[in-house]
Amino acid sequence: MDYNLEQFASDNYSGICPEALEYMLQANQGSAPAYGNDIWTQRAADGFRELFEIDCEVFFVFNGTAANSLSLAALCQSYHSVICHENAHIETSECGAPEFASNGSKLRLAKGENGKLTIESIEALLLGKRADIHYPKRKVISLTQTTELGTLYSLDELAAIQDLAQKHDLKIHMDGARFANSVVALNKSPAEISWKSGVDVLCFCGTKNGMAMGEAIIFFNKELAEDFAYRCKQAGQLASKMRFISAPWLGLLETGAWLKNARHANQSAEYLENELLKIESLEIMFPREANAVYVKLSDKVATSLRAKGWLFYSFLGVGGVRLMCSWNTTKERIDELIRDIKEALI
Ligand SMILES: *Cc1c(COP(=O)(O)O)cnc(C)c1O
């Protein structure tokens with residue numbers, strides 16, 4: 001198996017993009033103050049304030065599980081609850097970290113087509129169970145943008161959820177593992193689809209956008225960030241050489257690579273989807289709106305592809321596989337994959 005070839009299993013299979021690497025190398029000249037007291041971290045945080053057109057509190061951590069669980073813990077007490085989609089990463093893929101970090105805040109799972117919470121699904125939870133002292137008090141709605149199924153909340157959908165959150169005095173957390181992809185796909189400003197849509201805290205993923213590692217946690221509601229640095233430190237998420245997370249972020253922001261990378265990933269997925277649609281017997285499972293394509297493949301086809309060295313996830317348990325494009329996806333590899341799928345179908 002040749003691991004130098006690009007794969008479609010996840011956008012975190014990709015390497016480091018040139019812009020992120022270039023800034024990392026620049027930050028590697030000489031020494032710098034530790035624990036985020038360096039110029040790179042300062043500049044990257046300012047870069048986010050500029051990008052989001054608002055004075056916000058910015059923290060850098062190693063990965064998304066930490067970003068989600070620590071930020072949720074900042075919004076919740078142990079006796080609170082978080083409403084999220086049943087497919088949400090915080091529920092399915094974080095090993096209970098949100099509950100652990102918050103000392104027990106309860107995740108409440110809502111259904112919804114195409115990986116999205118709906119007003120009805122949220123209301124069903126708000127109205128359905130007892131809302132008295134005997135049940136965890138609802139506190140947060142957690143949205144993933146783009147969703148785990150590769151779909152998008154539109155501006156209207158975000159506005160409706162914002163209204164509902166206001167009505168019930170709920171905070172909004174956004175898992176932005178693919179926030180950049182949603183900015184591109186929706187063609188809206190980062191501000192419009194975050195704080196202007198009522199998001200209190202955003203976990204903005206750098207890893208899947210082209211960094212080696214690193215997430216930015218952005219508190220638009222600055223009061224919620226009180227003592228957050230201590231929470232990060234206690235959780236082992238305060239990088240002493242923080243400049244190697246923040247400098248690549250600065251590289252993505254200053255050069256515009258964050259958008260370029262996301263656009264490339266989305267366009268690659270669009271091409272991949274179109275090529276798959278030309279194969280009559282295949283079925284695309286969810287609307288392809290950003291950089292993920294979900295397609296139904298039989299076990300026989302999946303096995304044949306794996307035997308040829310293709311790596312992909314089929315964790316949904318519905319007979320489908322997820323094909324994810326990233327900043328380094330090439331048309332040649334997509335064409336090769338399509339060729340191998342066609343061969344396997346014969
Ligand atoms: C990848 C991902 C994360 C972050 O995962 P880590 O492996 O902890 O970095 C968070 N949310 C979603 C939806 C993701 O796809």
Side-chain angles (χ1 to χ4, degrees), residues 7-16 20 59-73 82-102 107 109-110 112 114-117 140-153 172-183 185 193-194 199 201-218 232 235-237 239 244-245 248-249 252 258 261-262 265-266 269 286 288-294 311-316 321-327:
Q7 292 285 352
F8 296 87
S10 181
D11 28 7
N12 59 19
Y13 275 47
S14 66
I16 309 172
F59 300 86
F60 298 101
V61 295
F62 290 104
N63 59 27
T65 298
N68 281 335
S69 51
L70 296 178
S71 59
L72 284 171
V82 175
I83 293 173
C84 65
H85 194 273
E86 61 183 352
N87 291 128
H89 196 271
I90 56 171
E91 158 67 9
T92 65
S93 311
E94 301 193 353
C95 196
E99 295 93 326
F100 179 67
S102 61
L107 295 189
L109 310 183
N114 298 327
K116 291 196 279 185
L117 291 172
V140 177
I141 299 173
S142 177
L143 304 173
T144 310
Q145 181 82 311
T146 65
T147 72
E148 285 75 5
L149 301 186
T151 56
L152 287 162
Y153 288 96
I172 299 182
H173 162 267
M174 183 172 275
D175 176 345
R178 300 182 180 90
F179 184 76
N181 304 86
S182 59
V183 171
I193 59 170
S194 59
V199 174
V201 58
L202 167 70
C203 299
F204 191 159
C205 180
T207 311
K208 285 172 179 151
N209 191 243
M211 284 172 43
M213 75 195 81
E215 318 290 303
I217 304 174
I218 304 173
C232 291
Q237 288 285 325
F244 295 112
I245 295 179
W249 259 124
L252 292 179
W258 72 280
N261 289 349
N266 290 6
F286 310 109
R288 198 281 320 156
E289 295 181 319
N291 63 328
V293 186
Y294 280 84
L311 305 172
F312 47 84
Y313 294 137
S314 50
F315 50 67
L316 279 180
V321 306
R322 185 187 77 174
L323 302 173
M324 191 65 91
C325 296
S326 67
W327 70 270

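On a predicted model such as this, the values are computed, not experimentally measured, just so you know. Ligands are counted one by one from 1 in listed order, and the atoms in each one are counted from 1 as well.
Enumerated by chain and number, the residues approaching ligand 1 to less than 4.0 Å through a heavy atom are N63, G64, T65, N68, H89, E94, T144, E148, D175, A177, R178, K208.
Under a 3.5 Å cut-off, the side chain of T151 and the backbone N or O of T147 do not form any donor-acceptor pair.
Remark: Y153 engages no residue in a ring pair (Phe, Tyr, Trp, His ring centres under 6.0 Å) (not counting sequence neighbours). Partners of T144 according to the side chain to side chain donor-acceptor pair (under 3.5 Å) rule, which considers only residues two or more places apart in sequence or in another chain, are E148. In this structure S182 satisfies the side chain to side chain donor-acceptor pair (under 3.5 Å) test with no other residue, sequence neighbours excluded.
A donor-acceptor pair shorter than 3.5 Å cannot be found between the side chains of N63 and T65.
Here the options are F312, F286, Y313, the test is ring-ring contact (aromatic ring centres under 6.0 Å, His included), and the partner is Y294; only F286 passes.
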